[in-house]
Amino acid sequence: MKSLILAIDQGTTSTRAIAFECGEGGRLRPLAVSQIELAQHFPKPGWVEHDAAEIWAATLQTCREVIRKAGGVGRFAAVGITNQRETAVIWDAATGEPLHRAIVWQDRRTADATGRLAAAGHEPTVQAATGLILDPYFSASKFAWLLDAVPGSRERCERGEVKLGTIETWLIWKLTGGASHVTDATNASRTSLMDLATRQWRADLAELFNVPMAGLPRIRDCNAHLGDCEASLFGAPLPIHGAAGDQQAALVGHGALKAGDAKITYGTGAFLVANVGTAPVASSHRLLGTLGYAADGQVAYALEGSIFSAGSAIQWLRDGLKVISESRQSEAMAQGLKDNGGVYLVPGFTGLGAPWWEPEARGTIVGLTRDAGPAHMVRAALESLAYQTRDLLDALAKDGAPKLKVLKVDGGVTANAFAMQFVADICEVVVERPAFQEMTALGAARLAALGAGLIGDLEDHPVEAPARWEPRMGADERDRLLKGWRGAVKAAIIAAQ
């Protein structure tokens with residue numbers, strides 16, 4: 001019996017494939033994994049690029065390795081895909097070759113373009129239709145930039161000779177040998193071009209951003225049949241039955257399927273996604289309206305807050321400042337101090353996300369004294385995760401969401417017990433971490449299992465018992481620390497002006 005799902009998790013720093021076995025009660029159990037790190041390219045300050053051809057090669061290699069480890073392609077029922085969202089790819093429809101490096105979600109090169117649209121008064125229209133603000137974070141302005149950067153591509157796109165898409169669209173195109181040019185509704189919701197209510201492209205928005213509709217993929221539900229992998233790739237034409245952007249996939253993976261459920265993923269960035277139910281909710285406090293998932297006739301909407309630098313701040317300590325040689329050293333160094341010594345790091349390396357949305361802000365350190373050393377820098381970076389999370393939860397509360405009692409967390413940084421306890425303390429919320437951490441891949445696998453008929457619904461498949469951290473910090477100490485953080489953010493914003 002074909003009981004395995006091949007989950008592709010294409011992230012910002014690596015490409016990974018995981019084989020999941022669908023067992024009794026619909027529980028998905030990981031069997032095999034393969035992972036390849038992804039090169040980062042920074043051609044100019046604020047610019048971040050990936051090589052789409054490298055992403056494809058790594059996807060092919062990791063999938064083949066996992067299929068081999070799991071006992072062969074005959075055991076697999078379907079493929080599910082989850083991906084770094086908003087990253088934009090342009091490619092030649094005839095050759096299947098990328099025409100430019102992919103522009104990564106973190107990239108800020110289109111800040112002037114989105115700023116001009118905002119200054120012209122277009123943001124209310126865009127936000128009402130899509131739930132998104134005008135910011136270079138989203139895909140539409142990246143698509144337009146790519147079309148302008150590659151000579152003749154805009155005209156060729158109008159003729160259907162050049163294709164546009166986010167990473168899952170690119171991978172599905174390659175996996176199906178160009179037979180399927182599709183996107184799922186969650187990734188489409190991150191482009192600034194999809195109407196949240198209808199889940200269809202808006203021609204007026206495409207015109208506003210100067211993106212040809214002819215270049216855009218068809219929008220499908222998250223568990224739809226998105227095409228079949230070419231038999232020559234893996235030895236059989238595996239059907240692709242699930243896709244979702246990484247943060248929405250993590251929402252599904254956590255089982256946060258009811259209004260009031262919320263999760264935050266601490267990866268390269270950090271992303272809070274709160275399920276708000278079956279109708280879009282407009283934020284008046286600079287959160288993003290987005291789609292949680294659309295699958296099997298069920299639709300859930302969400303409010304989201306995006307932190308641009310989370311784990312990347314720890315990577316900077318390791319690779320840039322070289323104050324640690326391994327990320328895991330950060331916990332012991334932070335715990336070695338009795339407090340933060342008044343040192344705050346605002347990790348605005350590629351601007352500040354929600355609720356500030358300051359694309360020109362840059363990383364800022366305040367409160368340095370002669371007593372400050374490497375450990376203070378490390379602790380400040382870890383503490384910044386909690387402060388930024390608190391900013392998002394405050395905005396969520398101001399938008400009328402009920403006070404969160406439990407925050408579900410995943411991502412590499414959650415292995416740091418100091419950081420998770422500090423999140424619980426600063427945010428005044430119980431933090432829960434599942435035993436199995438790959439929530440994005442698990443969510444993609446669940447959607448694919450649903451699409452392939454291995455499970456009957458997304459509900460009633462709980463994750464294993466989590467680790468928990470409960471708040472224990474006094475109110476006065478919390479207020480003092482938050483006051484210092486808000487002063488540091490203000491300093492970062494002022495310095496950028």
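In what follows, residues are counted from 1 in the order of the sequence shown.
Note that CG of Leu442 and CZ of Arg29 are 13.5 Å apart. Values are rounded to the nearest 0.5 Å. Between Thr15 atom OG1 and Gln84 atom CD the span is 8.0 Å, to the nearest 0.5 Å. Interatomic distance, OG1 of Thr268 versus CZ of Phe271, reported as 8.0 Å (0.5 Å rounding).
Remark: Glu168 does not engage Arg220 in a salt bridge, criterion side-chain N to carboxylate O under 4.0 Å. Remark: Asp184 does not engage Arg199 in a salt bridge, criterion side-chain N to carboxylate O under 4.0 Å. Remark: Arg390 engages Asp394 in a salt bridge, criterion side-chain N to carboxylate O under 4.0 Å.
Within the 4.5 Å cutoff, the side chain of Leu291 has heavy atoms near those of the Val299 side chain. Looking only at side-chain heavy atoms (C-beta outward), Gln40 and His50 come within less than 4.5 Å of each other. Using a 4.5 Å heavy-atom threshold, the side chains of Phe422 and Trp469 count as separate. Phe418 has its side chain out of reach of Met333: every pair of non-hydrogen atoms, C-beta onward, lies at least 4.5 Å apart. By the 4.5 Å heavy-atom criterion applied to side chains, Asp9 and Ile18 are not counted as neighbours. Here the side chains of Thr290 and Gln248 are in contact, with some heavy-atom distance below 4.5 Å. Here the side chains of Leu193 and Phe138 are not in contact, with every heavy-atom distance at 4.5 Å or above. For the pair Thr12 and Gln106, the minimum side-chain heavy-atom distance is below 4.5 Å.
Legend: residues meeting side chain to side chain donor-acceptor pair (under 3.5 Å) with Arg318, ordered by chain and number and at least two apart, are absent.
Applying the side-chain hydrogen bond (donor to acceptor under 3.5 Å, both in side chains) test to every pair with at least one member in residues 372-381, sequence neighbours left out, gives these pairs: Arg379-Glu383. Note on residues 297-314: pairs passing salt bridge (Lys or Arg N to Asp or Glu O under 4.0 Å), not counting sequence neighbours, are Arg85-Glu304, Arg190-Glu304.
Using modelled atom types and a 3.5 Å distance limit, the side chains of Thr130 and Ser192 yield no donor-acceptor pair. In summary, the side chains of His254 and Asp410 do present a donor paired with an acceptor at a separation below 3.5 Å, with no hydrogens or angles considered. Residues Tyr266 and Thr389 have side chains that bring a donor and an acceptor to within less than 3.5 angstrom of each other. Inspection of the Asn83 and Trp170 side chains reveals no N or O donor paired with an N or O acceptor under 3.5 Å.
Between Trp47 and Trp145, the angle of the ring planes goes over 60°, which puts this pair in the perpendicular group of the 30/60° scheme. Between Tyr387 and Tyr344, the angle of the ring planes lies from 30° to 60°, which puts this pair in the tilted group.
Here the closest non-hydrogen pair linking Gly260 and Leu404 is O-CD1, 3.7 Å. Contact between Ala140 and Val211 at its shortest, heavy atoms only, is O-CG2, 3.5 Å. Of all heavy-atom pairs spanning Gly46 and Arg362, the tightest one is CA-NH2, 4.3 Å. Scanning both residues, Ala256 and Ala262, for their nearest heavy atoms gives CB-N, 4.4 Å. Shown here for Val273 and Ala302, the closest heavy-atom pair between the two residues is CG1-CB, 3.6 Å. Residues Gly292 and Thr186 approach most closely at O-CG2, 3.7 Å, considering heavy atoms.
A distance-only check finds no donor-acceptor pair linking the side chain of Glu86 to the backbone of Tyr137 [under 3.5 Å]. Gln10 places no side-chain N or O within 3.5 Å of a backbone atom of Ile55 that could act as its donor or acceptor partner. In terms of modelled atom types and a separation under 3.5 Å, the side chain of Tyr293 and the main chain of Gln298 share no donor-acceptor contact. Thr369 places a side-chain N or O within 3.5 Å of a backbone atom of Asp371 that can act as its donor or acceptor partner.
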*Start with the C-alpha gap between Leu317 and Ser330, add the side-chain angles, then the distance that decides, and say whether side chain to side chain contact (heavy atoms under 4.5 Å, CB included) holds.*
CA-CA 9 Å; Leu317 293 172; Ser330 61; 5.6 Å; no
*Please assess Asp246 against Thr82 for the test side chain to side chain donor-acceptor pair (under 3.5 Å), listing each intermediate value before the final yes or no.*
CA-CA 5 Å; Asp246 51 10; Thr82 185; 5.6 Å; no
*Apply salt bridge (charged side-chain N to carboxylate O under 4.0 Å, His left out) to the pair Glu123 and Arg286, showing each step before the final yes or no.*
CA-CA 12 Å; Glu123 184 166 88; Arg286 308 293 280 173; 3.2 Å; yes
*Do Asn187 and Thr169 pass the side chain to side chain donor-acceptor pair (under 3.5 Å) test, and can you show the C-alpha distance, the side-chain angles, and the key distance before you say yes or no?*
CA-CA 9 Å; Asn187 277 294; Thr169 298; over 6 Å; no
*asked:* Walk me through whether Asp399 and Val281 qualify under side chain to side chain contact (heavy atoms under 4.5 Å, CB included).
replied: CA-CA 9 Å; Asp399 276 333; Val281 173; 5.7 Å; no
*Could you walk me through whether Arg108 and Phe308 pass the side chain to side chain contact (heavy atoms under 4.5 Å, CB included) check?*
CA-CA 11 Å; Arg108 313 305 288 172; Phe308 292 158; 3.5 Å; yes
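In summary, of the residues considered (Ile307, Ile493, Thr364), a side-chain contact (heavy atoms from CB on, under 4.5 Å) with Leu352 occurs for Ile493 alone.
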